[in-house]
Peer 1: 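First, the structure itself, so that you have it in front of you.
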Amino acid sequence: MREAIAVCRICAGSCPLIYTFDDDGKVAKVAGDHSNPRTSGYACIKGLSLHEAHESPERILRPLRRREDGTFEEVRLKDALDEIAARVSAIIEKDGPDAVAGFRGTMGAGSIATVEMLAAYLSAIGSRSLFTTMTIDQSAKWVSMGRLGMWTAGRQSWESTDRLMLIGSNPMVSLFAFGIPLQNPVKTMKEARARGMKLIVIDPRRSETARFADLFVQPIPGEDVTLMAGVIRTVLENGWHDAEFCAAHVDGLEELRKAVEPYTDDYVVARAGVKPGDVMAIASLYAEPVDGRARRGPAITGTGPNMAPHSNLAEHLVEVLNVICGRFARAGEKVVNPGVMLTRPTPRASVVPPMRSWEKGWKDTNGFGMILGQRMSATLPDAILSNGEDKVRALFVVGANPVNAIPETLKTYDAFERLDLLVAVEPFMNETSRRADFILPPVLMLERADISHPIYEAASPAPPYAMWQEPIMPRPEGSELVEDWRVFWEIAARQGLELTALGVTFDTSQAVTTDEIHERMITNPRIPLDELKRAGPGKAFDVPEQFIEEGPGGAKFEVAPADVCAELAEVRAMQPGKDRFRLTCRRMREVSNTMYHTLPTIRRRVKDNPAFLNPDDLAELGVAEGAKIRISTEHGEITVTARSDAALRRGVVSITHGWGGEGVGVNVNLLTALDDTRDPINAMSVMTAFSVEVEAV
Ligand SMILES: Nc1nc2c(c(=O)[nH]1)N[C@H]1C(S)=C(S)[C@@H](COP(=O)(O)OP(=O)(O)OC[C@H]3O[C@@H](n4cnc5c(=O)[nH]c(N)nc54)[C@H](O)[C@@H]3O)O[C@H]1N2
Ligand SMILES: Nc1nc2c(c(=O)[nH]1)N[C@H]1C(S)=C(S)[C@@H](COP(=O)(O)OP(=O)(O)OC[C@H]3O[C@@H](n4cnc5c(=O)[nH]c(N)nc54)[C@H](O)[C@@H]3O)O[C@H]1N2
Ligand code: SF4
Ligand SMILES: [Mo]
């Protein structure tokens, strides 16, 4: 018997897991770590069954090359890399470097070496074609930063938060909400409420998170713009904003006031389908000072508003509410998490001005620009089908399943099949790897050394926490696997290229280990690396205190830029849709996106992704619980099991994405679109709150 500890990196929770191995080296027991200050023993079913992916008979253990007839043959890793490098060089020669693209998904985001080496490789060949799942997720947050500006010192501390508003975000299941603690969510939420924090939840579904809410508002899906405009109007009308903060740091307050003026109470009630008094209740609980003291804490969105129509506008308005209420850390306050892996400069109480990167520089043939050095994921199928300068001919996919995750599945299928070269760094056969020319199976989480990305570390509040993960399991016998990052290193080496990551230049002709990559990349840690390594994974650290400094002043938040005001007027002028049903996104506790649906433990709990509807809607449709229904849009249709859920507002069809691969469940993206319903800035598709037809089968 042997015990070892590893950090689960499936989601941002980063829960430590304690493994007990039997004498044959098989996992005999897994448990959360009760001594851990962040998780106090918490771990979810996804983490607790993670080892089953490592031991799965379905796992791909040796590199595969696709034959002409679509079947696969085994190939030596070295030969695969040689051939890939030669084909990439030929494509660059013929079509230019932008024709070579990378797509990074959720399972590429947690490892610093993977994140950095993919980006480094693309820049070494001179390609702009980096795609990640962020741009089919919550890139509205990037757009909002780019139009509104950003506060360098970040949010007020979680400990001091007495108001939290969650809009279409369900961290009790997703463990994910920007800037609040994620681990052990029920315990964290209960503790916060016990110290007096009030929670507002806005969701068409009485979600797992809504059960903790002091105020729950259940609007029609897709009406967050209307609701938030009404809330901002009410806050300003009552003078509940932070006038001093606005005077110092905000431009456009009067234009904002005018732009939200038409969003009167009556209008919001009628359009968003909320109760009379809901707008006032939200505004008052969130923003009304008590005994002359301003409230503290953020309003945060999740995928709900960020995937709905007008996602960038909705995000902008929510962030504007934070801005006008001054919900940011100020000079003199203690920095909540000064970081462990990276020595960060002392934050200043100041605004980073709006950058609008998508308006400058390179644009694709449909006019979509780049944000934070990335191209937009919902433009990838068009780019593959394009003959213009934006064309993509070769694609490396790492830690992702884009064929399932990108909207309009049939178009995405078609595009991926037309690639000259598709390389999937992927442990399983899925919709993407099945279409690949090469499948390179990676060394999985428990078998490899990893450290989290310092940026990731900064996003998570106290205590300062870091992960240096050593391998705790051997690679399977007879396997030939590759570390994700090494794929890019090896191809660069074959092309005679150096790689520069986090400012460090690597000579790829030299042999290197993962540990060496980590040691060289982390150039200025706050805690010495050997101490980090000795401490083990998922540990909290005492780091020297840091205090926010006075900012330089000058730059201001732009709360009401012309394009935002124009869209707000456009939404107000629209005839609100009278859709019988709107389909909404959600997450499932047992699985993460498209992953691991067939592992034995998961399979015993969930077999597919049913569509949930209000029982009265089912009765009206004449559909019994458990019967099949057909859901359709102009793009496609799916046939799914109907489940009754009284937590849903009437007219809502709630179904999770990520299924439908390998014959299990259905892919919701058969219903979504890559047409001109995409947002003109970030090409964000509408993935929630869209009209669907529902009928009994
Ligand atoms: N309709 C609709 N579509 C959606 C969404 C929605 O809500 N509705 N959500 C969107 C969002 S938010 C996201 S983030 C995307 C998710 O999109 P993706 O990131 O593309 O999906 P995942 O299933 O998370 O992909 C992870 C892949 O990594 C593989 N993997 C596991 N471990 C490793 C490893 O160590 N190395 C490598 N190389 N691979 C590994 C898994 O087998 C899996 O195939 O989907 C998006 N699509
Ligand atoms: N168990 C599990 N955890 C996960 C994942 C997973 O697949 N499974 N995926 C991970 C990923 S990639 C991400 S991006 C995060 C996402 O994390 P979250 O953003 O918290 O995503 P969800 O849990 O889907 O919660 C979205 C909520 O929005 C509501 N909603 C839908 N449409 C609307 C709307 O128009 N307006 C409003 N106000 N609400 C709406 C839904 O009812 C739902 O409760 O979760 C991560 N964590
Ligand atoms: S919540 Fe679950 S999936 Fe996320 S890190 Fe923890 S154990 Fe892993
Ligand atoms: Mo995501």
Side-chain angles (χ1 to χ4, degrees), residues 62-66 75-105 108 111-132 362 370 373-375 380 383-384 389-400 402 416 418-426 432-433 436-443 480-514 516-518 520-521:
R62 306 181 63 80
L64 298 176
R65 176 170 52 201
R66 194 159 60 152
V75 53
R76 294 269 311 275
L77 179 63
K78 187 189 152 298
D79 297 338
L81 292 166
D82 286 346
E83 192 179 328
I84 293 166
R87 286 171 68 174
V88 167
S89 296
I91 288 168
I92 295 174
E93 182 83 14
K94 179 163 172 282
D95 294 300
D98 286 332
V100 179
F103 190 102
R104 195 186 76 220
S111 314
I112 187 173
T114 310
V115 171
E116 294 299 329
M117 287 299 167
L118 169 60
Y121 175 68
L122 292 174
S123 53
I125 59 173
S127 169
R128 284 174 279 233
S129 302
L130 173 63
F131 297 83
T132 75
W362 183 88
M370 297 177 66
Q374 297 187 18
R375 290 177 66 178
L380 178 57
I384 298 170
E389 289 210 327
D390 58 345
K391 62 180 167 285
V392 165
R393 293 289 180 258
L395 179 66
F396 289 93
V397 171
V398 56
F416 273 66
R418 286 166 198 260
L419 279 161
D420 289 345
L421 175 67
L422 175 58
V423 180
V425 189
E426 169 59 49
T432 304
S433 52
D437 299 287
F438 290 91
I439 307 176
L440 306 179
V443 182
E480 190 178 26
L481 309 174
V482 61
E483 292 106 328
D484 290 309
W485 64 267
R486 197 181 289 279
V487 171
F488 307 105
W489 179 282
E490 290 293 334
I491 292 174
R494 282 161 173 77
Q495 295 177 306
L497 299 167
E498 289 182 329
L499 293 177
T500 301
L502 292 178
V504 182
T505 298
F506 294 89
D507 172 0
T508 57
S509 68
Q510 304 293 311
V512 71
T513 67
T514 304
E516 283 160 6
I517 290 273
H518 291 156
R520 286 179 57 195
M521 249 189 222

Peer 1: Considering all heavy atoms of both residues, which atom of Glu426 and which atom of Ala400 are nearest to each other, and what is their separation?
Peer 2: OE1-O, 3.7 Å
Peer 1: Quick one: are Trp485 and Val512 in side-chain contact, heavy atoms under 4.5 Å?
Peer 2: yes
Peer 1: In Å and rounded to the nearest 0.5 Å, what is the CD1 to CD distance from Ile517 to Glu116?
Peer 2: 11.0 Å
Peer 1: For Val487 and Leu118, run side-chain contact (heavy atoms from CB on, under 4.5 Å): C-alpha distance rounded to whole Å, both residues' side-chain angles, the deciding distance at 0.1 Å, then the answer.
Peer 2: CA-CA 9 Å; Val487 171; Leu118 169 60; over 6 Å; no
Peer 1: Does Val425 reach the side chain of Val397, with side-chain heavy atoms less than 4.5 Å apart?
Peer 2: no
Peer 1: What's the spacing between Arg494 CZ and Glu83 CD if we round to 0.5 Å?
Peer 2: 11.5 Å
Peer 1: Enter the distance from Leu499:CG to Tyr121:OH here, rounded to the nearest 0.5 Å.
Peer 2: 9.0 Å
Peer 1: Got a donor-acceptor contact below 3.5 angstrom from the Thr505 side chain to the Thr500 backbone?
Peer 2: no
Peer 1: Would you sort out whether Gln374 and Arg128 count as a side-chain contact (heavy atoms from CB on, under 4.5 Å), showing the intermediate values?
Peer 2: CA-CA 7 Å; Gln374 297 187 18; Arg128 284 174 279 233; over 6 Å; no
Peer 1: Measure the CD1-CG distance between Ile84 and Leu422 for me, rounded to the nearest 0.5 Å.
Peer 2: 10.0 Å
Peer 1: Can you give me the closest heavy-atom contact between Thr508 and Trp489, atom names plus distance?
Peer 2: O-NE1, 3.4 Å
Peer 1: Check whether any side-chain heavy atom of Phe438 lies under 4.5 Å from a side-chain heavy atom of Leu81, and answer yes or no.
Peer 2: no
Peer 1: In Å and rounded to the nearest 0.5 Å, what is the CD1 to CG distance from Ile112 to Leu502?
Peer 2: 5.0 Å
Peer 1: So which heavy atom on Gln495 is nearest to which on Ile125, and how close?
Peer 2: OE1-CG2, 3.8 Å
Peer 1: For the residue pair Arg486 and Met117, establish whether any side-chain heavy-atom pair is separated by less than 4.5 Å.
Peer 2: no
Peer 1: Hey, are the side chains of Arg104 and Phe396 touching, using non-hydrogen atoms and a 4.5 Å cut-off?
Peer 2: no
Peer 1: Can Glu490 and Lys78 be counted as an ion pair, charged N to O under 4.0 angstrom?
Peer 2: no
Peer 1: Are Asp98 and Glu389 side-chain neighbours, meaning at least one heavy-atom pair lies under 4.5 Å?
Peer 2: no
Peer 1: In Å and rounded to the nearest 0.5 Å, what is the CG to OG distance from Leu440 to Ser433?
Peer 2: 11.0 Å
Peer 1: May I ask you to decide if the ring planes of Phe103 and Phe131 are parallel, tilted or perpendicular, using 30° and 60° as cut-offs?
Peer 2: parallel
Peer 1: Compare every heavy atom of Glu483 with every heavy atom of Val443, then report the nearest pair and how far apart it is.
Peer 2: CG2-N, 3.7 Å
Peer 1: With the side chain counted from C-beta on, respond yes when Asp437 and Leu419 share a heavy-atom pair under 4.5 Å apart, and no when they do not.
Peer 2: no
Peer 1: Where is the tightest heavy-atom contact between Leu380 and Leu395, given as atom of each residue plus distance?
Peer 2: CD2-CD2, 4.1 Å
Peer 1: Heavy-atom distance under 4.5 Å between the side chains of Leu421 and Ile91, does that happen here?
Peer 2: yes
Peer 1: Apply the test salt bridge (Lys or Arg N to Asp or Glu O under 4.0 Å) to residues Asp420 and Arg87: give CA-CA distance (whole Å), side-chain angles for both, the deciding distance (0.1 Å), then the verdict.
Peer 2: CA-CA 9 Å; Asp420 289 345; Arg87 286 171 68 174; over 6 Å; no
Peer 1: Begin from the C-alpha positions of Ser129 and Arg375 and carry the test side-chain hydrogen bond (donor to acceptor under 3.5 Å, both in side chains) through to its verdict.
Peer 2: CA-CA 6 Å; Ser129 302; Arg375 290 177 66 178; 2.8 Å; yes
Peer 1: Are the side chain of Glu516 and the backbone N or O of Thr513 linked by a donor-acceptor pair below 3.5 Å?
Peer 2: yes
Peer 1: Looking at every non-hydrogen atom in both residues, tell me the closest pair between Leu481 and Leu77 and how far apart they are.
Peer 2: O-CD2, 4.1 Å
Peer 1: Between Glu498 and Phe506, does a side-chain contact (heavy atoms from CB on, under 4.5 Å) hold up when you go through it step by step?
Peer 2: CA-CA 6 Å; Glu498 289 182 329; Phe506 294 89; over 6 Å; no
